[in-house]
Amino acid sequence: HHTIWNFESWPITDKYTNMSSAKHDNDNLLKKEYADLGNQDELSQSRLSEHKSAMKRGSGDEIDTDPEDAAGRKSVLTNVAGFIIVTEFCERLAYYGFAGSLVLFLQTQLNFSNVEADVQYSAWSGFCYMTPLVGGYIADTYLGRYRTIMLFCLIYLGGLVMVVIAAVPGDVSVAVFFPAIYIIAIGTGGIKPNVSTMGADQFDDKYSKDRKEKESFFNWFYWSINLGALIAYTLVSYICQYGIPSLGGEKWGFFIGYSIPAIMMALAIAIFVLGTPRYRIAQPQGSVLATAAKICYEAVWTNRNMSTGTKHILDRAKTTYGGNYSKAQVEGVKLVTRLTPYLAVMVPFWGIYSQMSTAFQNQGCQMDLTMGGAPVPVSALNCFDTLAILMLVPFFDGWLYPYFKKIGYPLSMLQKIGLGFVFAMLAMFVAGFVEIYRVSESPTPGNYLDVNARNNITPCQNIDDFNPYNFQSWYQDPSSTDQPAYCSQVAGCTALQPNSTLLSLSCIDCDNIPQMSKLSVFWQVPQFALVGTSEILASITSLEFFYSQAPFAMRSVTQSLNLFTTALGSWIVIPILLLVNSDPNNEWVPRNVDGGHLDWYFFLLSGLMGLNLMVFYFIAKDYEYKSTADLHLVDAASNSSSFSSVSQSDPLESGDAVCVGDRTVSGDARGSNNPILRTN
């Protein structure tokens with residue numbers, strides 16, 4: 001405890017707290033540094049004034065006067081942005097309604113083992129976080145945000161309709177289902193990076209009313225996302241797992257449950273289109289990400305044999321050494337490359353985060369999924385991650401951070417990220433001990449012939465897949481019923497039941513039925529809450545860090561790379577899962593976790609997060625923060641040398657939201673205490 005909270009041992013505090021004084025450098029120094037950076041003519045007086053104004057806006061100052069027509073201006077929040085808020089609510093409910101029960105669908109409808117389901121979910125989830133890079137590029141370069149959202153919404157809806165078709169009971173189609181879920185991933189990739197930014201585009205910053213309403217927009221945007229997630233994790237997950245008695249019961253649960261996301265997505269499209277005449281629609285202006293990639297490609301590959309006499313490989317792309325890019329452009333990319341180690345250490349963090357939808361669900365499926373006798377969907381525990389964030393963000397923002405600042409130990413950005421890693425490590429540690437307790441409270445295993453075992457089957461499994469009598473019927477006539485997934489014929493045994501043509505029960509081997517432990521699933525609440533706490537510290541602050549330590553012209557690049565770490569985090573757990581299950585006689589995460597070592601898996605992840613924390617400490621202890629003034633100098637030179645055709649309005653100064661992982665942060669919520677929005 002002392003080691004965790006001894007903030008004097010963490011790096012950066014003095015450098016971080018003193019960095020703001022640098023932005024008041026005198027004009028002559030700005031001219032000198034600008035000329036040296038860009039190798040340009042002297043900075044004109046008008047450019048210098050523009051530069052100083054940008055610095056002032058960056059400090060949070062606002063314009064004092066309104067245009068003459070401000071008095072009669074209608075509310076943009078209610079008359080325009082409201083359409084986008086409702087659209088986002090419908091789309092998020094659709095996404096979480098589908099994703100929240102995806103692992104369960106793979107287990108119960110496609111007979112995937114725990115690891116097979118977890119691997120498929122992780123692969124799909126990672127793809128969902130990769131496609132926004134493509135969606136953002138298409139919007140910036142070709143279609144603009146409005147047309148990109150419309151196109152990808154239609155793709156999204158097509159994927160959801162295919163999922164509903166694939167979920168028809170008795171005719172579940174793998175050939176339809178898997179293409180469908182990746183079509184959904186493509187659809188969400190066009191919406192995730194564009195919808196919140198388009199919402200911010202509707203407000204005109206020259207009006208004070210719009211600037212104030214923009215803050216409210218992101219608050220309502222935030223609540224719409226979490227409301228959609230709440231309904232999805234409770235109502236939709238319940239229907240998928242338990243069905244509706246009057247609509248076919250549990251057998252038709254996934255068909256009915258997955259119909260809701262499809263309906264909500266259709267509604268989202270209708271509402272978005274309804275607001276079209278009122279939208280301010282920005283045109284595509286080019287992608288900085290593409291320019292940065294070209295600089296790297298030219299330096300690393302095209303000019304690989306070039307000798308520059310400098311220490312940095314990217315200098316090969318400078319016009320000074322025969323490349324095609326200005327010094328200012330290359331220096332901007334170089335500032336991004338210095339952040340690469342910090343992007344790398346975010347990957348294991350997102351791997352931990354992904355356990356809420358995979359390993360935590362494997363564990364929860366074999367716990368007591370009732371509350372007062374009423375069934376509880378296993379996905380509903382995700383709500384406690386959301387609730388932890390909703391409750392703790394005000395606490396951190398209003399008391400904890402100010403307290404440490406008051407006692408002389410203000411927390412730097414990297415210190416907060418490090419503490420987030422600590423809480424992620426603790427979440428896995430707690431999950432491991434909950435698993436030990438869960439197994440100790442599990443009943444004696446038994447097969448279908450054991451009445452007690454049959455009546456205590458986990459709701460995450462289908463009892464018919466363990467039924468030897470169904471296997472007898474299938475063996476006699478394969479067209480009469482589906483083969484039970486977990487029953488097989490004993491090798492070489494063909495004996496028949498006495499006075500019958502059915503295969504003898506002695507020739508049929510069925511797995512033990514996965515049992516519900518006596519331990520309530522609500523024992524998982526602490527591990528979900530710890531992950532939520534880690535998100536507040538690591539995810540929110542990583543947004544600020546990668547935003548504030550990059551020049552404006554490169555901020556979309558750093559945020560895109562930060563988003564991509566979430567995809568890598570989902571993918572990195574795949575080889576870990578395959579490794580721990582490589583011995584078929586000693587699987588850590590078997591189909592029936594009572595017979596495995598799920599606790600070892602959690603402890604392994606906790607240990608790996610601990611190693612990641614150590615690496616993070618060593619790379620962070622010598623980090624020197626770039627001041628606002630330093631970054632504005634790069635911005636000024638980049639603007640002069642036309643870094644790209646991208647608009648030079650600052651996305652956070654103008655209130656745009658930026659995606660990080662599966663969250664979006666309002667640009668107007670500056671500082672290290674920004675709340676984060678769930679947009680996964």
Side-chain angles (χ1 to χ4, degrees), residues 92 96 99-104 114 118 121-122 125 225-238 241 348-371 376-396 419-438 460 517 519-540 566 569-570 573 589 593 598-599 601-603 605-606 609 661-663 675-680:
R92 287 294 89 186
Y96 286 116
S101 297
L102 177 55
V103 168
L104 187 65
N114 284 330
D118 291 352
Y121 180 91
S122 296
S125 178
I225 291 167
N226 283 276
L227 180 61
L230 185 65
I231 295 173
Y233 282 136
T234 51
L235 177 63
V236 179
S237 293
Y238 180 91
Q241 187 165 339
F349 169 78
W350 290 115
I352 297 294
Y353 171 85
S354 70
Q355 300 309 304
M356 290 192 296
S357 299
T358 53
F360 284 10
Q361 184 159 319
N362 299 155
Q363 182 185 53
C365 272
Q366 291 191 229
M367 300 178 77
D368 182 6
L369 285 166
T370 61
M371 182 176 65
V376 175
V378 67
S379 298
L381 272 293
N382 282 276
C383 292
F384 291 98
D385 169 73
T386 301
L387 291 173
I389 294 170
L390 292 178
M391 291 187 295
L392 291 178
V393 163
F395 170 74
F396 278 60
L419 286 171
F421 290 173
V422 170
F423 276 95
M425 179 178 66
L426 289 175
M428 294 299 101
F429 198 67
V430 169
F433 279 104
V434 169
E435 177 62 12
I436 292 173
Y437 189 19
R438 185 199 66 78
C460 301
S517 171
L519 190 67
S520 171
V521 72
F522 290 100
W523 275 83
Q524 286 191 318
V525 170
Q527 62 206 55
F528 277 95
L530 285 168
V531 173
T533 305
S534 74
E535 290 179 70
I536 296 170
L537 289 160
S539 177
I540 297 177
T566 314
S570 293
V573 300
V589 192
V593 293
L598 189 57
D599 52 339
Y601 176 66
F602 287 134
F603 291 142
L605 293 180
S606 183
M609 195 66 214
D662 70 341
R663 312 284 177 164
I676 55 180
L677 315 185
R678 181 188 297 275
T679 64
N680 145 302

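One-based numbering along the sequence shown. What you see is a predicted model, and the numbers here were worked out from it, not measured in a lab.
In this structure, the separation between SG on Cys365 and CG on Asn114 is 7.5 Å, given to the nearest 0.5 Å. Taken from OG in Ser534 to CD1 in Ile352, the straight-line distance is 8.5 Å, to the nearest 0.5 Å. Here the straight-line distance linking atom CG of Leu598 with atom CZ of Phe603 works out to 10.0 Å at 0.5 Å rounding. In this structure, the separation between CD1 on Ile536 and CZ on Phe396 is 5.0 Å, given to the nearest 0.5 Å.
Checked by atom type and distance alone, the side chain of Gln363 pairs as donor or acceptor with a backbone atom of Ala431 at under 3.5 Å. Checking side-chain atoms of Arg438 against main-chain N and O of Gln366 turns up a donor-acceptor pair under 3.5 Å. For Thr234 (side chain) and Leu230 (main-chain N/O), a donor-acceptor pair under 3.5 Å exists by modelled atom type.
Partners of Cys383 under the disulfide bond (SG atoms under 2.5 Å apart) rule, at least two apart in sequence or in another chain, do not exist in this structure. Take Ser354 and apply the side chain to side chain contact (heavy atoms under 4.5 Å, CB included) test, not counting sequence neighbours, and it matches Ser570, Val573. In terms of the side chain to side chain donor-acceptor pair (under 3.5 Å) criterion, Gln241 has no residue partners (sequence neighbours excluded). In terms of the ring-ring contact (aromatic ring centres under 6.0 Å, His included) criterion, Tyr601 has no residue partners (sequence neighbours excluded). The side chain to side chain donor-acceptor pair (under 3.5 Å) test applied to Asp368 returns Thr370, not counting sequence neighbours. Qualifying side chain to side chain donor-acceptor pair (under 3.5 Å) partners for Ser606, counting only residues two or more places apart in sequence or in other chains: none. Partners of Ser520 according to the side chain to side chain donor-acceptor pair (under 3.5 Å) rule, which considers only residues two or more places apart in sequence or in another chain, do not exist here. Annotation: side chain to side chain contact (heavy atoms under 4.5 Å, CB included) contacts of Ala529 (sequence neighbours excluded): Ala388. Residues that satisfy the side chain to side chain contact (heavy atoms under 4.5 Å, CB included) test with Phe384, not counting sequence neighbours, are Leu381, Leu387, Phe522, Val525, Phe528.
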Exercise. When you look at Val378 and Leu369, which way does the side chain to side chain contact (heavy atoms under 4.5 Å, CB included) test go after all the steps?
Worked result: CA-CA 7 Å; Val378 67; Leu369 285 166; 4.2 Å; yes
Exercise. Is there a side chain to side chain contact (heavy atoms under 4.5 Å, CB included) between Tyr96 and Ser237 once you walk through the steps?
Worked result: CA-CA 9 Å; Tyr96 286 116; Ser237 293; over 6 Å; no
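Minimum heavy-atom separation, Gly432 to Asp599: O-CB, 3.5 Å. Between Ser357 and Tyr121, the shortest heavy-atom distance links the atoms OG-OH, 3.3 Å. Of all the heavy atoms in Ser379 and Tyr233, the pair that sits closest is O-CD2, 3.6 Å. When all heavy atoms are compared, the tightest approach of Val376 to Ala380 is CG1-CB, 4.3 Å. When all heavy atoms are compared, the tightest approach of Val593 to Glu435 is O-OE2, 4.1 Å.
At a threshold of 4.5 Å between non-hydrogen side-chain atoms, the residues Thr358 and Ser122 count as touching. Annotation: side chain of Leu392 is in contact with side chain of Thr533 (closest heavy-atom distance under 4.5 Å). Contact annotation: the side chain of Val434 approaches that of Met367 to within less than 4.5 Å [non-hydrogen atoms, C-beta and beyond]. Counting heavy atoms from C-beta outward, Phe360 and Gln524 have side chains that approach closer than 4.5 Å.
Aromatic ring orientation, Tyr437 versus Trp523: perpendicular (interplanar angle above 60°, classes split at 30° and 60°).
Side-chain atoms of Gln355 and Gln527 form no donor-acceptor pair, as typed in the model, at a separation below 3.5 Å.
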List, one per line, each side-chain donor-acceptor pair under 3.5 Å for residues 422-430, sequence neighbours excluded.
none

